*Asks:* 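So that we are looking at the same thing, I have put the structure below in structure tokens.
One-based numbering, in listed order, for ligands and for the atoms of each. Residue indices begin at 1 and follow the sequence shown. Just so it is clear, the structure is predicted and the values come from calculations on it, not from any experiment.
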Amino acid sequence: MKFVSFQVGDRQAYGVERDGRIIELAGLHGLPQDLLGGIEQGEGFLQKVKYVLKDDSVEGPSYSQDGIKWLSPLPNVKRNIMCVGKNYRDHAIEMGSEQDIPKDIMIFTKATNTVIGHGETVLHHGEMTEQLDYEGELAVVIGKRGKGISTEDALEHVFGYTILNDITARDLQKKHGQFFIGKSLDTTCPIGPYLLTKDEVIDPQNLTITTRVNDEIRQSSNTREMIFTIPTIISTLSMGMTLEPGDIIATGTPAGVGKGFNPPRFLKKGDKMEIEIESLGILTNQLQA
Ligand code: MG
């Protein structure tokens, strides 16, 4: 199922995409009011949604995809977004050299204030950065709580997959030692448009990923190129830290970020960013003009 969160008037809603339309689910037949509440209910939630959708005459309202204001599939995340750094060999090299290919997983986080949805405007933060950069990534959403998760069991803890743009102020990332400030400016984590349940992704480690800026292809790769696979990432993160339903993990970006060009090609005001991942759709956002 393709879950979507969106805004109707002044309230947040969620639903699923069916035949090109979004069917609202919030509150229908006792379903929770937001998608995170559903994910926290576990398998029972998906079964209930399937039951509600099984006949074609669902009573809830439905919307055209052009007519909704999209939100991140999880608009009210509780914890920082966890991100893997330098998880594609060619990207690690473009950020420095062969020496930059990590031996162990490198993790940083983005603060929750960064999260926005498909179609929302990214602030340019021109007063503090001249090096805003895009990073197209596959993101994993955790469905089942766990600690000490083995690589064999890791995918059982996944609810689904979505697209994430790990927008980064390169100058601030470098200046402040730790990445946190450079990765956590408001609106610099677009997520969506859909959260696709894992049963509809045959192999998350074999998905084409493409980033375009103003229709020009900048990143073109496949998730099979990851250095650390999704099970390894989940297993490593959960060694001593309990992962919770609704946690979002960004799995790293391939080569072709603006900083990787010579000379660098950082984002300019008004630039349109599109990240496309096979089966997951296209996440589109524009930088404030
Ligand atoms: Mg990244």
*Asks:* Taking the N/O/S atoms of Asp166 one by one, which is nearest to the Mg ion (ligand 1)?
*Replies:*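 It is OD2, the N, O or S atom of Asp166 closest to the Mg ion (ligand 1).
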*Asks:* Would you kindly check if the NZ (Lys) or CZ (Arg) of Lys48 is within the cone defined by 45 degrees around the ring axis of Tyr51 and under 6.0 Å from the six-membered ring centre?
*Replies:* no
*Asks:* Give the C-alpha distance, both sets of side-chain angles, the deciding distance and a yes or no for side-chain contact (heavy atoms from CB on, under 4.5 Å) between Ile22 and Gln65.
*Replies:* CA-CA 6 Å; Ile22 307 296; Gln65 298 199 64; 3.9 Å; yes
*Asks:* Which is the closest N/O/S atom of Glu137 when seen from the Mg ion (ligand 1)?
*Replies:*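 Answer by atom name: OE2.
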*Asks:* Against the six-membered ring of Phe261, is Arg218 placed for a cation-pi contact (under 6.0 Å from the centre, within 45° of the normal)?
*Replies:* yes
*Asks:* Which atom, among the N/O/S set of Glu135, is closest to the Mg ion (ligand 1)?
*Replies:*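 For Glu135, the N, O or S atom at the smallest distance from the Mg ion (ligand 1) is OE1.
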*Asks:* Quick one, Pro73 and Tyr194 - any side-chain contact, counting heavy atoms below 4.5 Å?
*Replies:*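 No, every pair of side-chain atoms sits at 4.5 Å or beyond.
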